[in-house]
Amino acid sequence: MLLNKSVYQLASLLTFVVGAQAQEAAAPSNSDVVKLTSENFESFIKEHPLVLTEFFAPWCGHCKNLAPHYVEAASILKDKDITLAQIDCTEEQDLCMGQGIGGYPSLKIFKDHDLDNALEYDGGRTTESIVAYMIKQSLPAVQEVESKEKFEELIKEAEQPVVVFNGDASLNETFSKAANKLFNEFSFVSYPESKSVLAVYLPNEDEPIVFKGEQKSLEDDVDALEAWVKVEGLPYFGEVNGETFASYVESGLPLAYFFYNNDEEKEEYLAFFTKLGKEYRGKLNFAGLDAGKFGKHAENLNMKEQFPLFAVHNMSSNLKYGLSQLADEEFEKLTEPTKLNTKDITKLVDDILAGKAEAIVKSEEIPDTQESAVIKIVGKNHDDIINDSKKDVLVKYYAPWCGHCRRLAPIYEELANVIASDDKASKSVVIGDIDATENDVPGVPLEGYPTVFLYPAGKNAEPVLFDQPRTLESLLAFIQKHGGSKLNTEKILEKYEAEKKAADEEKGDGENEHDEL
Ligand SMILES: *[C@@H]1O[C@H](CO)[C@@H](O)[C@H](O)[C@H]1NC(C)=O
Ligand SMILES: *[C@@H]1O[C@H](CO)[C@@H](O)[C@H](O)[C@H]1NC(C)=O
Ligand SMILES: *[C@@H]1O[C@H](CO)[C@@H](O)[C@H](O)[C@H]1NC(C)=O
C-alpha cells in the first residue's frame, strides 16, 4: 500500500519512540546475537528453523536504538530455538543487495529454512514486542481447541481479538491462509462447537461479533475473510500505538483520533467513544492517542498541539477534519484542559460521513500579486485553479529543499515566459506551481518532488502526469499533445526565440555603442 505522507509520519513517530542512547548498532560479540556474513548466511538459515535477521549499518541511529532491545530479545528467545542475527551491510554489500535491502535497519524473518521467501518483520522494536512477535511466529497460526472449558479460558485470557471459526472443512484452507497473514494482530482459533461459522471476540467485550454474510462468500476468498477480520476485529475504541497502527491503516477506514493528556482523561471519554465506535462500526474507527508521547502528530492532521483534541483522518483521500481549536493566546490563558463537546463530535462525524464536513486544508495565503509568469498556487485556491474547464493547467508540485526542483525551476520559468509571449496561449494555458510542503493537495497522488500534472481544458478531472525528460521542448510538446487548447507550441517557441534574439541584438547594439564611448 502506498502510504500518504501523514500516515507515514505517524508510522515513524510510533516506531521510533524508544529513547535514543549512545550505543553501538552492532551487538557485542559476547551476546546471543549471531553475526552473519556471506560466508555463513545460507548454511545458517538451512540449519535454523526460525531466524530474525537485522540488516544494519553501524552509523544508523535507529539501529543504535534497537540494539539493546535486540540483544535482550536474543537472549530470551535462544531457548525457544529462535535465533536473532545481524548483518552489517557496510561490510556485506552483496548479501544486502541480494536481499533487496533499501534502508536501515531492515528486519526479515527466515522460516523453515526457506531462503527465498523471507517475511518482513513489522512488529514493534522493544524487547517485549520482538519476543511476543517471534514466539507467535513459532506457533501454528491456527490453534485447534476441542473443549468448551479450554475455549472459554482462552477467550477470557486473550489480550488481542480472537477470530474463531467452526472448523468447517470448506473454509479450513481459507481460514489458515488468513491466519498466516494476520496472526500478529489477531489470534486464530478453530473450535468445532462454535455456534457461528466465523466470529471475533474482542478483549473486554462479552458478546462476539458474528459474521452475518453467506459462508459461501468466504470460501476460497482469503481477501474477503481478511477484510472482514480487519474491520470487525478492531476494538470499538482502541489505542493507536506502534503495535496497532498498521491494523488501523489496513482496515481502509477513516480514523478518528482522540488525543488525551493522561489516563484519567481517556477514562472520562471511554464510554462515549466506545458507544460511537459501536454505532459507526465499519464506517469509521475510533482510537485514543497519548498526546504526551505522540502529540506532534497533531501537526500532521493540520491541528494545533492543544489537548485534548478530536480529529478525523481519511487516509484514502488524505483529508483531515477536526473540532475547532482556540486561538493561541486563549489557549495559553487556560488554567486547566478544555472539555471536548461530545455533541460537536457526533455532529462532525455525521457530517463527514454525509460528505458535508469541511476539511482542514493547510494553506499559505493566496498571494496578492504574482512575482513571475509562473502562477503561485496555494492550498486554498488549488482546486479552483485546476478545475477551470476553459484552461489547460500545468502544475508543478515541489518542495523547497528538493534539488531536482531547483534544477527544473529556471526551465519552468522560461516555459511560463514562452506561454506568456503568445496571446492565445496566455489566455488558454496556466503555468503554475505549488509548494506541497506548505499546502495540502488532497487527492493529488504525489510520490516525489517535483511532480508535474497537466489538467487538460475540458477534461480537468483527468490529469496527465508529465513523465518526460524535464526540458523546455518536452514540456511544450506535452502541453500540445495532451492539452485541450490544441496549441501549436513549436510555432510559439519559434516566435518567442526569434523575438528574444531580436531583443538581444538590439540590446547588444546598445552595449556596443556604449563600448565605443
Ligand atoms: C485445516 O488446514 C490446516 C492447514 O492447512 C491443516 O493442517 C488441517 O489438517 C486442516 N484441517 C482439516 C479438518 O481439514
Ligand atoms: C474517504 O476517502 C475516500 C477516497 O476519496 C472516499 O471514497 C470516502 O468516501 C471517504 N470517506 C469518508 C467517510 O469521507
Ligand atoms: C470541478 O468542476 C465541476 C463542474 O463545474 C464540479 O462538479 C466539481 O465539483 C469541481 N471539482 C472541484 C474539485 O472543485
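Whatever order the structure lists them in is the order used to number ligands and atoms, beginning at 1. In this text, all values refer to a predicted model and were calculated from it rather than measured experimentally.
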Which protein heavy atom lies closest to atom 5 (O) of ligand 2, and at what distance to 0.1 Å?
Ser317 CB, 3.3 Å
Cation-pi check, Lys111 onto Phe183 ring (under 6.0 Å, within 45° of axis)
yes
List the atom of Leu202, the atom of Pro235, and the distance in Å for their closest heavy-atom pair.
CD1-CA, 4.2 Å
For Glu265 and Asn261 the tightest heavy-atom approach is OE1-N, 2.6 Å
List ligand 2 atoms under 4.0 Å from Pro254, heavy atoms only on the residue side.
13 (C)
Does Asn314, backbone or side chain, put an N or O under 3.5 Å from an N or O of ligand 2?
yes
Suppose I only count heavy atoms of Asn172 and a 4.0 Å limit; which atoms of ligand 1 are within that range?
1 (C), 2 (O), 3 (C), 8 (C), 10 (C), 11 (N), 12 (C), 14 (O)
Does the protein come close to atom 9 (O) of ligand 2 - that is, does one of its heavy atoms sit below 4.0 Å from that atom?
no
Does NZ or CZ of Lys396 come closer than 6.0 Å to the centre of the six-membered ring of Tyr398, within 45° of the ring's axis?
yes
Under 6.0 Å from the CD atom of Gln370, do we count more than 12 heavy atoms belonging to anything else shown?
yes
Give the single entry among Ser176, Ala141, Pro192 that approaches atom 4 (C) of ligand 1 most closely by any heavy atom.
Ser176
Per-atom contacts of ligand 2 with Leu353, taking only distances under 4.0 Å to non-hydrogen atoms
13 (C)
At the 4.0 Å heavy-atom cut-off, does Ala169 count as touching ligand 1?
no
Taking every heavy atom of Ala73 against every heavy atom of Ile130, the minimum-distance pair comes out as CB-CG2, 3.7 Å
Under 4.0 Å from atom 2 (O) of ligand 1, is there any protein heavy atom?
yes
Contact summary for Gly295 and Phe259, nearest pair of heavy atoms
O-CE2, 4.0 Å
